[in-house]
Engineer: 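Below: one structure in structure tokens.
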Amino acid sequence: MCGIVGYIGHREAYPIIINGLKRLEYRGYDSAGIALYDGSKIQLAKTKGKVVDLEAEVAKGITTKGSLGIGHTRWATHGVPNDVNSHPHYSNSGDLVIIHNGIIENYSSIKKELIKRGYVFHSDTDTEVLVNLIEEIKKKEGVKLGKAVQIALNQVVGAYAIAVFDQKKPNEIVVAKLGSPLAIGVGEDEFFIASDASPFIEFTNNAIYLEDEQMAVIRLGREIRIRKIKSDKRIKPFVQELKLNIEQIEKGGYDHFMLKEIYEQPAVIKDTFRGRLLADQGIIKLGGLEEFIPKFVNADRIIIVACGTSWHAGLVAEYTFEDWARIPVEVEYASEFRYRNPVITEKDVVIAISQSGETADTLAAIKLAKEKGAFVYGICNVVGSTISRETHSGTYTHAGPEIGVASTKAFTTQITVLTMIALKLAHVKGTISRSDYMMHLRELDTIPTHVAKALESNDEIKEIAKVFKDSPNFLYLGRGYNFPVALEGALKLKEISYIHAEGYPAAEMKHGPIALIDEQMPVVVVAINSNHYGKVVSNIEEIKARKGKIIAVVTQGDTAVRELADYVMEVPKTPETLTPLVTTIPLQLLSYHIAVMLNRNVDQPRNLAKSVTVE
Ligand code: M6R
């Protein structure tokens, strides 16, 4: 869960690497480092902290000249975040230098062997072990760097995206990938290396995504040589043209990426529909789904695997799939599913949901489901991500890059895709009436407008945030389709404001959480017009009777809850099945404003990283 960047070509490498690291900070930000070849030797700087701290460190002393370099932004796995454990790491001779995203699981036994052979270690990292193993092989076997990397990687167990160069041969960088992403940008006589394409998008639209167990020797003046790490088989490079543009990865005038991404939701939900939802014609057409509809409609059950916010989107889908398509659904934390010997058969369809498409637990759950013969369908945002490639088929959410660590637009676009799939299956199965189907299609089509309307309450929500920003605890309640929204609201608040928050099904309150309620406790209740309205109103009464403070999400024009609640946040009326797409919006804004008022790092909350590529 780190970000790696590299450059070899004719430009100054330093600004490319520093800017690239800033774009990749979503992947980890507890320390950062850079190594440049200045024409005669390696210049290396690294420090605990963010990329801005690295810039300050560089300013203290190293020269930033040179057109070959590598850089790293870290989310610590082995060894605490400090200067020494930061990447890049030198080999003992000082000739080789490496950056690594991943984990070498058997590093300890390799380290013992290397110590016996006289190697000295300065850090607690697995990465320093790997670079010394490469050096040892290079010396002992008398092979070139590429070969030494290949032999070393055949001895290690774990996951990696690495880039390594040798100051004695400063015209090449060797890269390799297993389990962590690695993209190579291909320019005119220049190459870029990065965890995703964002660091090089202003320089080239051509990229090669390495597959697992592949490595490449990138040498100036020569085509890239890609080969399989295990079998040595040469692979013809497949250069893709990227659709990403620079505006998509900049803040565009917003104070934070999270706020920008919250406001992008009307537009990106439209993008999710584009060419797929033709409401007037009564058509939903999802390219990846059409051919596999029989698999879904004949499935014994659908198992949804995901983590975090994506898991919450899966919970919403449990309601729509069962309600409309009458297919039994189980929603599983991928991290639990993968380790509990689940019963999976060839008659099951597994849906894996992931914004990044790189989450390690979700990937492992997919592998397990495939081994057991299930058909696996992916719902990912990042195009070309590992999960999108590992699944049998799938649908992209088309939300565009989500940089803020807290998922916002990823969540609503995941629900959008899942809702389209559920409606389509129900229509094919005949478990929904034609009129209900058409009504939902038309209502779905208007969701972007409703989301835009919900965003108009931003100023009022900011005022509510002022009142409650210092509360140490929050409770979030919702029922039915809005129970997952309560969970998601609580997750948003805790991850960016560090305030403890719990999401609960409103009716469960009486079975425990009600004991928490006193005059200090803000309770956010999703109390929109729905089948559960009367029951939720009763739940609100119960909270009021115990002096809890009510912040209610209500349907525009609501009067009953408005009378009871201390504060309300209005959303437009939609059919109950679609409400999560709008009720989520005020909860995103509430956590955003509280976090800003508490001076938190909204886009990069402590201890987190955008894609969790380790278990
Ligand atoms: O990339 P994924 O959707 O697989 O990520 C899953 C979770 O790590 C992610 O949703 C996480 O919970 C977010 N920080 C939530 O805002």
Side-chain angles (χ1 to χ4, degrees), residues 1 3 25-29 75 179-181 195-196 256-259 261-262 265 304-317 331-338 350-366 376 378-391 394-418 476 484-485 487-498 501 503 584 587-592 595 600-615:
M1 260 166 45
E25 269 192 315
Y26 74 87
R27 303 182 60 84
Y29 35 81
W75 187 88
S180 302
S195 300
D196 69 33
H256 298 96
F257 281 111
M258 183 181 176
L259 190 62
E261 289 156 7
I262 290 174
Q265 288 175 108
I304 298 180
V305 292
C307 301
T309 290
S310 299
W311 183 76
H312 296 155
L315 286 180
V316 174
V331 188
E332 302 259 8
Y333 281 120
S335 53
E336 289 296 315
F337 179 83
R338 64 180 287 196
V350 172
I351 300 182
I353 311 173
S354 174
Q355 187 286 129
S356 60
E358 302 294 343
T359 300
D361 284 322
T362 310
L363 252 172
I366 291 168
V376 186
I379 296 178
C380 296
N381 187 35
V382 177
V383 176
S385 55
T386 312
I387 291 179
S388 69
R389 285 183 278 115
E390 284 291 321
T391 41
T395 303
Y396 284 118
T397 52
H398 293 324
E402 191 181 66
I403 313 279
V405 165
S407 257
T408 51
K409 61 177 180 169
F411 181 60
T412 44
T413 52
Q414 286 165 346
I415 295 175
T416 303
V417 166
L418 289 158
Y476 282 71
V485 172
L487 294 180
E488 175 60 8
L491 175 62
K492 283 295 82 91
L493 186 70
K494 55 191 154 195
E495 71 181 324
I496 60 168
S497 70
Y498 319 148
T584 302
L587 305 191
Q588 293 172 344
L589 288 169
L590 183 66
S591 16
Y592 171 78
R600 306 294 192 229
N601 190 336
V602 173
D603 286 333
Q604 295 171 348
R606 70 183 178 201
N607 305 339
L608 290 174
K610 184 68 182 164
S611 55
V612 184
T613 56
V614 292
E615 42 171 311

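Order of appearance sets the numbers: ligands from 1, and atoms from 1 within every ligand. Small disclaimer: the values here were computed from a predicted structure and weren't measured. Hydrogens, waters and symmetry mates are skipped; everything else that's a heavy atom, side chains included, is used.
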Engineer: Side chains of Gln414 and Thr397: do they bring a donor and an acceptor to under 3.5 Å?
Structural biologist: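 No, no side-chain donor-acceptor contact under 3.5 Å.
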Engineer: So which protein heavy atom does atom 4 (O) of ligand 1 come closest to, and at what separation?
Structural biologist: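 Nearest protein contact, heavy atoms only, for atom 4 (O) of ligand 1 is Thr359 OG1, 2.4 Å.
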Engineer: Given side chains that start at C-beta, do those of Ile387 and Thr362 come closer than 4.5 Å, heavy atoms only?
Structural biologist: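 Yes - at least one pair of side-chain heavy atoms lies under 4.5 Å apart.
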Engineer: May I ask you to list the atoms of ligand 1 that are less than 4.0 angstrom from any heavy atom of Lys492?
Structural biologist: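 Those of ligand 1 that fall under 4.0 Å from Lys492 are 15 (C), 16 (O).
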Engineer: Around atom 6 (C) of ligand 1, find the nearest protein heavy atom and jot down its residue, atom name and distance.
Structural biologist: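 Checking every protein heavy atom, the shortest distance to atom 6 (C) of ligand 1 gives Cys307 O, 3.3 Å.
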Engineer: So do the side chains of Ile496 and Asp603 get within less than 4.5 Å of each other, counting heavy atoms only?
Structural biologist: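 In short, these two side chains do not touch, never coming nearer than 4.5 Å.
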Engineer: My understanding is that only residues two or more places apart in sequence, or in another chain, count here; which of them pass side-chain contact (heavy atoms from CB on, under 4.5 Å) with Thr416?
Structural biologist: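 Testing Thr416 for side-chain contact (heavy atoms from CB on, under 4.5 Å), a comparison that skips the adjacent residues, returns Ile269, Thr272, Phe273, Met420, Leu581.
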Engineer: Which atoms of ligand 1 have any heavy atom of Ser310 under 4.0 Å away?
Structural biologist: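 What qualifies from ligand 1 is 2 (P), 3 (O), 10 (O).
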Engineer: Check the side chains of Thr408 and Gln265 for a donor-acceptor pair under 3.5 angstrom, ignoring hydrogens and angles.
Structural biologist: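 No pair is found: no donor N or O on one side chain lies under 3.5 Å from an acceptor on the other.
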Engineer: What's the shortest distance from atom 10 (O) of ligand 1 to any protein heavy atom, and which residue and atom give it?
Structural biologist: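 Protein heavy atom with the smallest distance to atom 10 (O) of ligand 1: Thr309 N, 3.0 Å.
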Engineer: Mind checking whether Asp361 and Tyr333 have side chains closer than 4.5 Å, heavy atoms only?
Structural biologist: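 Answer no - side chains too far apart.
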Engineer: Number the atoms of ligand 1 from 1 as they appear, then name those within less than 4.0 Å of a heavy atom of Ser354, with their elements.
Structural biologist: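 Within the 4.0 Å cut-off of Ser354, ligand 1 contributes 1 (O), 2 (P), 3 (O), 4 (O).
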Engineer: Provide the number and element of each atom of ligand 1 under 4.0 Å from a heavy atom of Ala406.
Structural biologist: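 Going through ligand 1 atom by atom, the ones under 4.0 Å from Ala406 are 16 (O).
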Engineer: For ligand 1, which is the ligand I care about here, please tell me if Val405 has any N or O atom under 3.5 Å from one of the ligand's N or O atoms.
Structural biologist: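 There is such a contact, yes.
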Engineer: What do you reckon, does Thr362 have a nitrogen or oxygen under 3.5 Å from a nitrogen or oxygen of ligand 1?
Structural biologist: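 In this structure, Thr362 places no N or O atom under 3.5 Å from an N or O of ligand 1.
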Engineer: Quick one: which ligand 1 atoms are inside 4.0 Å of a heavy atom on Ser407?
Structural biologist: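 Counting atoms of ligand 1 from 1, those under 4.0 Å from Ser407 are 15 (C), 16 (O).
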Engineer: Looking only at N/O atoms, are Gln414 and ligand 1 under 3.5 Å apart anywhere?
Structural biologist: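 In fact, backbone or side chain, Gln414 has no N or O that close.
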Engineer: Kindly give the heavy-atom pair with the smallest separation between Ser407 and Ala410, and that separation in Å.
Structural biologist: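 Between these two residues, the closest heavy atoms are OG-CB, 3.7 Å.
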Engineer: May I ask you to identify the nearest protein heavy atom to atom 8 (O) of ligand 1, giving residue, atom name and distance to one decimal place in Å?
Structural biologist: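 Checking every protein heavy atom, the shortest distance to atom 8 (O) of ligand 1 gives Val612 CG2, 3.9 Å.
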Engineer: Only counting residues at least two apart or in another chain, list the ones meeting side-chain contact (heavy atoms from CB on, under 4.5 Å) with Ala360.
Structural biologist: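 If we apply the side-chain contact (heavy atoms from CB on, under 4.5 Å) test to Ala360, skipping adjacent residues, there are no hits.
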Engineer: Quick one: nearest non-hydrogen protein atom to atom 1 (O) of ligand 1, plus distance?
Structural biologist: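 The closest heavy atom on the protein side is Ser356 OG, 2.6 Å.
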Engineer: Measure Glu495 to ligand 1 on non-hydrogen atoms and call it side chain, backbone, both or neither using the 4.0 Å cut-off.
Structural biologist: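 Only the side chain of Glu495 comes within reach of ligand 1.
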Engineer: Is any side-chain heavy atom of Leu491 less than 4.5 Å from a side-chain heavy atom of Phe411?
Structural biologist: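 When only atoms from C-beta onward are counted, Phe411 and Leu491 do not touch, as no gap falls below 4.5 Å.
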